[in-house]
Amino acid sequence: MGKSIAASNPEFSLCYWLWLTFLWITSVPCYATLVCSWKITDEIGKDNSFCRKNANLLKLISIFSASDSAFFFTGNIILLLLNMNHPGIVLLVFILLALVVVFAGIAITVTAASLSHLVYKAAQIREENELTI
């Protein structure tokens with residue numbers, strides 16, 4: 001899709017690789033989150049749902065989500081200031097889509113942080129119960 005836009009609008013051909021690299025970088029925390037989710041699922045499969053490892057992994061997911069949202073927002077602002085966006089694209093994509101992505105990232109951050117706290121507390125209770133006779 002980017003190649004067709006660059007081909008039809010030669011003035012945006014310089015922006016193609018910059019935007020493509022920007023989007024590749026924003027995907028890195030998403031893949032790291034998938035790896036953490038896989039590890040959590042593996043622990044749940046071992047019937048070890050409430051453990052400190054899962055709490056730490058959920059905390060990592062919240063950090064990845066917050067950093068990705070912040071990077072995406074600041075990257076869009078910087079590209080806007082560098083005049084790397086078409087005004088029509090800015091109004092439609094930046095305002096609507098970019099803000100939706102940022103708010104979704106913030107929602108994931110809050111949810112993962114809350115779950116991390118709850119799983120950590122459940123792990124503490126489980127460890128205390130294992131020590132009692």
request  = For the pair K59 and H117, evaluate side-chain contact (heavy atoms from CB on, under 4.5 Å) and give the outcome as yes or no after the intermediate values.
outcome  = CA-CA 8 Å; K59 188 175 182 181; H117 178 73; over 6 Å; no
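With hydrophobic clusters built from ILVMFWY side chains whose heavy atoms lie under 4.5 angstrom apart, L118 does not share a cluster with Y120.
The minimum heavy-atom distance linking S62 with A113 is given by the pair CB-N, 3.7 Å. A107 and T111 get closest at one heavy-atom pair: O-OG1, 2.8 Å.
Here the OG atom belonging to S116 is positioned 9.5 Å from the CG atom belonging to N54, to the nearest 0.5 angstrom. Annotation: the span from L99 atom CG to I106 atom CD1 amounts to 9.5 Å, rounded to 0.5 Å. To the nearest 0.5 angstrom, I61 atom CD1 is 9.0 Å from L115 atom CG. Considering NZ of K39 and SG of C36, their distance stands at 6.5 Å, rounded to 0.5 Å. In this structure, CD1 on I63 lies 11.5 Å from CG on L58, to the nearest 0.5 angstrom. In this structure, L20 CG and I25 CD1 are separated by 10.0 Å, a value rounded to the nearest 0.5 Å.
Listed by chain and number, the hydrophobic cluster partners of I108 come to none, as no ILVMFWY side chain reaches under 4.5 Å of it. Under the 4.5 angstrom side-chain criterion for Ile, Leu, Val, Met, Phe, Trp and Tyr, the cluster partners of Y31 are L34.
With respect to F64, the side-chain contact (heavy atoms from CB on, under 4.5 Å) criterion is satisfied by exactly one of V35, V28, T33: T33.
Listed by chain and number, the residues in a side chain to side chain donor-acceptor pair (under 3.5 Å) with K53 are E43 (sequence neighbours excluded). Scanning for side chain to side chain donor-acceptor pair (under 3.5 Å) contacts around T109 gives S65, with sequence neighbours left out. Partners of F22 according to the side chain to side chain contact (heavy atoms under 4.5 Å, CB included) rule, which considers only residues two or more places apart in sequence or in another chain, are W19, T26, F71, F72, N76, L79. With sequence neighbours excluded, no residue forms a side chain to side chain contact (heavy atoms under 4.5 Å, CB included) with S67.
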